[in-house]
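Scroll down for the structure; my scribbles are underneath it.
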Amino acid sequence: LVTFNTLISGHCKKGHMGDAYKVLDLMGKQGIRPDVVTYSALVNGHCKEGRLEEACKLFEEMKRRGVAPDGVLFTTLIDGHCKEGAIEDALKLHDEMRGRGIKVDVVAYNALIYGLCRAGNLKKAKKFLDGMVKAGLVPDKVTYTILIDGFCKEWNLHGALEMRNRMIRRGINLDSVAYTALITGLARRGRVVEAHSMLHEMLKAGFMPDDATYTMVIDGHCRNGDLQRAFKLFKEMRHSGVVPGVIHYNVLINGLCKEGQTRKANMLLKTMIDRGLVPDDITYNTLIHGHCKEKNSEVVRKLRDEIGLVPDLAA
RNA sequence: UGGUGGGUAGU
């Protein structure tokens, strides 16, 4: 059973649901009945590919077959619904879970808080935070990071910073993900100076900013029209061991385009290709957008012919 | 053996 479950979970994580079902079939032929772990892996796979109906169908099928759902399976479903924006259904699942006497752990609360944040209901998200504490649970760094990010996305930096303080008061240190969530909030708000100093604070605290952290500080400088600092940081980040990736180039190309420096943007595109990076659809859309604004549709055609980039529908 | 957090374009 464990062997089959391991295989099924592997296929589901890769998004190869067809293969997962082949293994399930094989498993049945061996006379082994899928258990709650098998179903969780499959349900998770369907959730991650955005097929909630399939996930729910399996869930119902499992119950019909007399397999009892547990907390992990409920959390999987709750998270799947939250990510599709179906927060009301996620809350119903939460009720069903409690009705069955299944305990709601930190991971389940985190999934719900994430969903509430995505729905823009920060008030209720905070209530759930209080609720989990009252239930005797200890919010962890994921809980707080979700809330920091949630407040940032609502442009409520005050709320985000409050969450950071609550986190620290609980003796939880910010890690690089939490820092980046905050830095993102600051950078998008045009508060790059603070974002940049937070990057230094992070280094002092012993956390290595990673590619995402640098992306946002570089992007912040670009949004401020300060390409000098953006490029300077782009060079500096190598010293932190961060290898420039497609996203970093995309951010810089976008910055150049926004400043009307489309020729330099093209040069940067060539540079990234020379360095062995593969531009993605965002690179192309960014360039097309920039060139169209400059009424350079000829250049767009040239980029397509010379570099062979294919615009997608959005472009 | 299964579940939760951060980054770029357009929309």
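All chains are named by letter (A, B, ...) in the order of the sequence lines, taking the proteins before the strands, and each is independently numbered beginning at 1. Remember, predicted model here, so these are calculated numbers, not experimental data.
- Taking 3.5 Å as the limit, the base of B:rG5 and the side chain of A:T143 contain no donor-acceptor pair of atoms between them.
- Looking at residues 186-204 of chain A, you'll see A:R188 sit with a heavy atom under 4.0 Å from some atom of RNA chain B.
- Between the side chain of A:D140 and the base of B:rG5, no donor-acceptor pair under 3.5 Å is found.
- A:L269 and A:I218 end up in the same hydrophobic cluster when Ile, Leu, Val, Met, Phe, Trp and Tyr side chains are linked at under 4.5 Å.
- Distances from the side chain of A:V177 to the nucleotides B:rU8, B:rG3, B:rG6 place B:rG6 closest.
- When distances are taken from the side chain of A:N44 to each of B:rG3, B:rA9, B:rG5, the shortest belongs to B:rG3.
- Using modelled atom types, one finds a donor on one side chain and an acceptor on the other under 3.5 Å when comparing A:H291 with A:N266.
- For the contact set between residues 153-174 of chain A and RNA chain B, defined by any heavy atom under 4.0 Å, the members are A:K153.
- Between the side chain of A:T76 and the base of B:rG3, no donor-acceptor pair under 3.5 Å is found.
- In this model, the phosphate group of B:rG5 is not approached by any side-chain N or O of A:Y109 to a distance below 4.0 Å at OP1 or OP2.
- Atom CE in A:M216 sits roughly 6 Å away from atom C1' in B:rG7 (whole-Å rounding).
- Under the 4.5 Å side-chain heavy-atom criterion for ILVMFWY residues, a single connected hydrophobic cluster contains both A:L252 and A:I273.
- With sequence neighbours left out, the ring-ring contact (aromatic ring centres under 6.0 Å, His included) criterion links A:Y249 to A:F234.
- Residues A:F207 and A:I168 share a hydrophobic cluster, clusters being chains of Ile/Leu/Val/Met/Phe/Trp/Tyr side chains in contact below 4.5 Å.
- When each of B:rG6, B:rU8, B:rG3 is scored by its nearest atom to the side-chain atoms of A:D79, the top-ranked nucleotide is B:rG3.
- Put simply, the side chain of A:D210 and the base of B:rG6 share a donor and an acceptor less than 3.5 Å apart.
- If you check B:rG5, B:rG6, B:rG2 against the side chain of A:K141, the one that comes closest is B:rG5.
- Follow the hydrophobic side-chain contacts under 4.5 Å out from A:V107 and you never reach A:I172; the two are in separate clusters.
- Residue pairs meeting the ring pair (Phe, Tyr, Trp, His ring centres under 6.0 Å) criterion with at least one partner in residues 96-150 of chain A, sequence neighbours excluded, are A:H94-A:F128.
- The backbone N or O of A:I8 sits nowhere less than 3.5 Å from a side-chain atom of A:H11 that would complete a donor-acceptor pair.
- Here B:rG7 is the nucleotide among B:rG7, B:rA9, B:rG3 with the atom lying nearest to any side-chain atom of A:D211.
- Residues A:D79 and A:N44 have side chains that never bring a donor and an acceptor to within less than 3.5 angstrom of each other.
- Contacts with RNA chain B (heavy atom under 4.0 Å) in residues 252-260 of chain A: A:N254, A:K258, listed by number.
- Rounding to whole angstrom units, OH of residue A:Y144 and P of B:rG6 are separated by 18 Å.
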Evaluate side-chain contact (heavy atoms from CB on, under 4.5 Å) for A:R188 paired with A:M216, printing each intermediate quantity in order.
-> CA-CA 8 Å; A:R188 287 206 178 118; A:M216 284 319 293; 4.1 Å; yes
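- RNA chain B is contacted by A:K83, A:D105 of residues 81-106 of chain A, taking any non-hydrogen atom closer than 4.0 Å.
- Side chains of A:L174 and A:E201 form no contact here, defined as non-hydrogen atoms less than 4.5 Å apart.
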